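Structure record follows, encoded as structure tokens.
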Amino acid sequence: MNFKQSYIILLLVASALFFGACSDEYLENLNTDPSKAATIDPNAQLTTAQLQTYGDLGMVEIYRNYHYAFSQHLMGAWNTTNYGGRHTIDNNEMSRIWTSFYPNAIKNLTDGMVRTAEDPDKVNIHSALRIYRVYMMSLITDIYGDAPYSEAGLGYLDSKFNPRYDTQEEIYMDFFKELDEAVAAFDSGKDQITGDVIFDGNPGQWKKLANSLRLRFAMRISDVAPEKAREEFETALQADGGIMETGADDALIEYLSIAFSFGQEAYADFRGNALSQLLFGNDPANNPSYLCATFFNQMYENGDPRTFRIARCYYDGLMSATSPTNRIDLTQEMLDKGIPFEAREPGAYSWEPWPPGYESDILKELAESNPSIDPFATRETEPKLANNFLRGDNPGVVMTSAEVKFLLAEAALKEWTVGGSTAEELYAQGVRAAMDFLTDNYGTEAVSEEEFDSYLAANGIGHTFEKKKEAINTQAWILHFTNPSEAWANQRRSGYPRLLSPAEYGFEQFLTGGSEIPVRLSYPVLESSYNKKSYEEALARMGGFNSWNTTLWWDVAK
């Protein structure tokens with residue numbers, strides 16, 4: 001090869017490398033969106049996870065379809081009765097928490113945690129992310145049991161595309177560790193938490209939430225691991241920052257008042273309280289949220305002043321399709337006339353059986369100028385959820401000081417060290433706080449001291465250990481109406497209130513998923529394909545079946 005040939009070859013190679021580099025640079029620029037940041041602000045990741053908790057319209061269907069039915073707070077609307085009320089197994093509906101939280105909230109929280117872990121100037125946002133990830137993982141494990149936890153959200157960061165299912169015991173033990181370490185790491189001299197729609201970045205409030213969650217989780221395992229539960233409960237009471245003590249400490253997600261819409265865009269917009277939107281309904285005049293007889297009768301028959309602050313009887317023939325306006329309230333007329341309230345029993349639709357009804361003077365007068373109104377009220381005698389609970393800016397409930405009072409009351413009942421208050425005193429404080437919670441956050445009429453004293457005198461804590469435990473947790477069940485995940489979890493854990501299956505109300509022939517009230521929701525079917533090894537290991541620990549009648553690790557209440 002002569003010099004000229006060698007030169008030409010070298011020139012061609014150099015040119016190829018040059019143009020190749022230019023080509024790579026061109027393609028990189030072509031595939032890079034200049035409007036997008038190279039990294040995500042971990043504060044924004046926290047905000048997204050917080051808002052998704054109750055703002056994800058597709059996800060909160062699981063509460064209306066299953067949770068509210070299993071805890072027997074709601075019944076009668078087609079969705080609630082069809083799925084949870086009649087024990088209908090639907091994999092798509094059961095998997096909503098799993099398929100919504102893992103690829104969004106859990107991924108965001110995990111990514112933010114990993115990227116701030118080694119940054120000494122971001123200890124506060126790192127701690128808040130850890131606390132909120134624990135909370136959101138508790139929602140998942142309390143619904144499904146064993147679940148991806150230690151490796152969840154690490155697909156991109158650590159190539160953990162098929163995460164193992166940690167046992168629920170492992171998950172709970174790590175909850176205590178995470179919360180303890182997160183509280184200890186807060187540093188008032190370091191970064192400010194921004195975009196926090198719960199505490200507005202206040203580290204002191206985050207500490208109280210973490211310590212109070214430790215109380216919740218300790219009580220959750222109190223029957224399966226009593227010594228560990230007591231240790232964690234008492235340690236949390238002494239932890240730096242304290243616990244939630246008043247309504248000012250409540251962990252509530254702040255949402256905006258936005259117009260309800262069930263268009264496709266609404267499923268990606270987390271700014272409003274989507275649970276309130278669902279309870280309002282996409283067909284509100286024909287499929288509103290009816291209270292279950294179990295819930296309504298517990299309040300009504302015991303003279304609970306919250307009864308008609310939560311429940312009302314409306315004529316909805318003139319109701320707006322986009323907001324709970326133009327409803328005709330018949331509640332007081334029914335009380336004055338002595339008309340029976342026809343709350344739906346577990347397993348019943350709003351039209352089954354058809355209520356006898358009555359002729360309404362209010363509707364009769366309105367019919368004189370509007371002949372489309374039928375003055376004879378029938379299904380209007382079925383108590384519905386009051387308008388106050390149907391607003392888009394209602395808070396998303398994470399945890400409240402009222403719940404803490406009930407946890408302390410049960411701990412005192414177990415003779416754990418909780419300070420100088422008795423179970424009776426803490427029970428009364430919890431009931432008062434639960435009533436005030438509705439006024440402070442849902443705009444209900446305040447419960448007077450006279451009403452409260454009268455109610456408490458007739459609904460005391462009881463005299464035996466079991467009666468006291470029942471009273472405490474029945475009151476927690478009433479409180480948790482606005483926190484459906486905790487309502488179902490605590491009812492299963494405590495066994496109170498005692499709930500009868502729809503089969504015992506005459507609906508056994510309709511219960512295609514079995515007559516027993518389910519105690520978990522089944523894993524998504526696609527897990528058997530996408531994460532086969534881990535999925536099958538989890539099933540093996542449950543006897544080989546993905547059954548919703550298999551109790552969780554902590555669920556040993558008799």
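In what follows, every heavy atom counts, from backbone to side chain, and hydrogens, waters and symmetry copies are set aside. Being a predicted model, the structure only gives us computed values, none of them experimental.
- Comment: Arg96 does not engage Glu61 in a salt bridge, judged by the lack of any side-chain N to carboxylate O separation of less than 4.0 angstrom.
- Remark: the backbone N or O of Glu170 is not paired with any side-chain donor or acceptor of Asp174 at under 3.5 angstrom.
- Separation of the Phe217 and Phe175 ring centroids falls under the 6.0 Å cut-off.
- Panel note: side chain Asn546, backbone Leu539; no donor-acceptor pair is recorded below 3.5 Å.
- Between the side chains of Gln50 and Asp196, at least one donor N or O sits under 3.5 Å from an acceptor N or O.
- Separating the CD atom in Gln205 from the CE atom in Met244 is a distance of 7.5 Å, to the nearest 0.5 Å.
- Side-chain polar atoms of Asn162 and Ser534 form no donor-acceptor pair below 3.5 angstrom.
- The aromatic ring centres of Phe406 and Trp477 sit 6.0 Å or more apart.
- Ser127 places a side-chain N or O within donor-acceptor distance of the main-chain N or O of Ala182, the cut-off being under 3.5 Å.
- With hydrogens and angles left out, the side-chain atoms of Asn394 and Tyr442 include no donor and acceptor closer than 3.5 Å.
- The ring pair (Phe, Tyr, Trp, His ring centres under 6.0 Å) test with Tyr523 is passed by exactly one of Tyr530, Tyr102, Tyr165: Tyr165.
- Panel note: side chain Asp180, backbone Phe176; no donor-acceptor pair is recorded below 3.5 Å.
- Between Tyr172 and Asp142, the side chains place a donor N or O and an acceptor N or O closer than 3.5 Å (distance only, hydrogens not considered).
- Counting only residues at least two apart or in different chains, side-chain hydrogen bond (donor to acceptor under 3.5 Å, both in side chains) contacts with residues 255-272 comprise Ser261-Glu265, Asp269-Arg271.
- None of Arg379, Arg312, Arg327 except one satisfies the side chain to side chain contact (heavy atoms under 4.5 Å, CB included) rule with Lys384; the exception is Arg327.
- Of all heavy-atom pairs spanning Ala152 and Pro163, the tightest one is N-CB, 4.3 Å.
- Glu504 CD: more than 12 foreign heavy atoms inside a 6.0 Å radius.
- You'll find the side chain of Leu252 stays beyond 4.5 Å of the side chain of Ile198, heavy atoms only.
- Using a distance-only test at 3.5 Å, with no hydrogens or angles considered, no donor-acceptor pair links the side chain of Thr80 to the main chain of Asn65.
- Rounding to the nearest 0.5 Å places CD1 of Ile143 at 4.5 Å from OG of Ser485.
- Looking only at side-chain heavy atoms (C-beta outward), Gln298 and Pro497 stay at 4.5 Å or farther from each other.
- Formation of a donor-acceptor pair under 3.5 Å by the Ser212 side chain with backbone atoms of Leu209 is not found in this model.
- Within a 6.0 Å sphere centred on CD of Glu181, other residues, nucleotides and ligands contribute more than 12 heavy atoms.
- For Thr116 against Pro42, the heavy-atom pair with the smallest separation is CG2-CG, 3.7 Å.
- Within a 6.0 Å sphere centred on CD of Glu93, heavy atoms belonging to other residues, nucleotides or ligands number more than 12.
- Judged by distance alone, with hydrogens and angles left aside, the side-chain atoms of Gln72 form a donor-acceptor pair with the main-chain N or O of Leu500 at under 3.5 Å.
- In this structure, Arg520 fails the cation-pi test against Trp548, since its NZ or CZ atom is not both closer than 6.0 Å to the six-membered ring centre and inside 45 degrees of the ring normal.
- Taking the centre of each ring, Phe295 and Tyr300 stay at or above the 6.0 Å mark.
- Between the side chains of Glu527 and Tyr144, no donor-acceptor pair is found at a separation under 3.5 Å.
- Taking CD of Gln277 as the start and CZ of Arg64 as the end, the distance is 10.0 Å to the nearest 0.5 Å.
- A side-chain donor from one of Tyr54 and Asn483 sits under 3.5 Å from a side-chain acceptor of the other.
- Counting heavy atoms from C-beta on, the side chains of Gln168 and Trp554 come closer than 4.5 Å.
- Without hydrogens or angle criteria, Gln52 side chain to Ala105 main chain gives a donor-acceptor distance under 3.5 Å.
- In summary, the side chains of Asn287 and Asn79 do present a donor paired with an acceptor at a separation below 3.5 Å, with no hydrogens or angles considered.
- Both tests hold for Arg86 against Phe510: distance to the six-membered ring centre under 6.0 Å, angle to the ring axis within 45°.
- Because its NZ or CZ atom is both nearer than 6.0 Å to the ring centre of Trp488 and within 45° of the ring axis, Arg492 counts as a cation-pi partner of that residue.
- A salt bridge links Arg541 with Asp146: the distance from a Lys NZ or Arg NE/NH1/NH2 to an Asp or Glu carboxylate oxygen falls below 4.0 Å.
- There is no side-chain donor-acceptor pair under 3.5 Å between Gln475 and Tyr496.
- Here Asn92 contributes atom CG and Leu526 contributes atom CG; the two are 9.5 Å apart, rounded to the nearest 0.5 Å.
- Between Leu213 and Met399, the closest side-chain pair of non-hydrogen atoms falls below 4.5 Å.
- In this structure a side-chain-to-backbone donor-acceptor pair under 3.5 Å is present from His126 to Met113.
- Cation-pi check for Arg391 over Phe389 is not met; the charged atom does not lie both under 6.0 angstrom from the ring centroid and within 45 degrees of its normal.
- Between the side chains of Ser401 and Asp250, a donor-acceptor pair is found at a separation under 3.5 Å.
- Annotation for Ala236 and Asn211: closest pair CB-O, 3.6 Å, computed over non-hydrogen atoms.
- No donor-acceptor pair under 3.5 Å is formed between the side chain of Gln491 and the backbone N or O of Ser71.
- Using a 3.5 Å distance cut-off with no hydrogens or angles, the side chains of Glu342 and Thr381 do not pair a donor with an acceptor.
- A salt bridge (Lys or Arg N to Asp or Glu O under 4.0 Å) with Arg216 is found for exactly one of Glu403, Glu410, Glu232, namely Glu403.
- A 4.5 Å side-chain heavy-atom check between Val224 and Ile221 finds at least one atom pair inside the cut-off.
- Looking at every heavy atom in both residues, Ile140 comes nearest to Ile106 through CD1-CG1, 4.0 Å.
- The OG atom of Ser350 sits 12.5 Å away from the CH2 atom of Trp78 when rounded to the nearest 0.5 Å.
- Counting all heavy atoms, side chain and backbone alike, Asn388 lies closest to Gly443 at ND2-O, 3.3 Å.
- Taking a cutoff of 4.0 Å between a charged side-chain nitrogen and a carboxylate oxygen, Lys107 and Asp111 do not qualify as a salt bridge.
- Judged purely by distance below 3.5 Å, without hydrogens or angles, the side chains of Asp393 and Asn273 never pair a donor atom with an acceptor atom.
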Item to check | Evaluation steps, side chain to side chain donor-acceptor pair (under 3.5 Å), between Tyr290 and Thr81 | outcome: CA-CA 10 Å; Tyr290 296 97; Thr81 298; over 6 Å; no
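- Residues Leu385 and Phe280 fail the side-chain proximity criterion, which asks for heavy atoms closer than 4.5 Å.
- Between Phe308 and Phe341, the ring planes are tilted. Angles from 30° to 60° get that label.
- Arg133 has no carboxylate O lying under 4.0 Å from a charged side-chain N of Glu178, or vice versa, which leaves the two without a salt bridge.
- Salt-bridge check for Glu486 with Arg493: failed, with every basic side-chain N at 4.0 Å or more from each acidic carboxylate O.
- A 4.5 Å side-chain heavy-atom check between Val519 and Thr550 finds every atom pair outside the cut-off.
- Taking each heavy atom of Ser222 and Ala229 in turn, the nearest pair found is CA-CB, 3.6 Å.
- Side-chain contact, Asn43 with Asp41: a donor N or O sits under 3.5 Å from an acceptor N or O.
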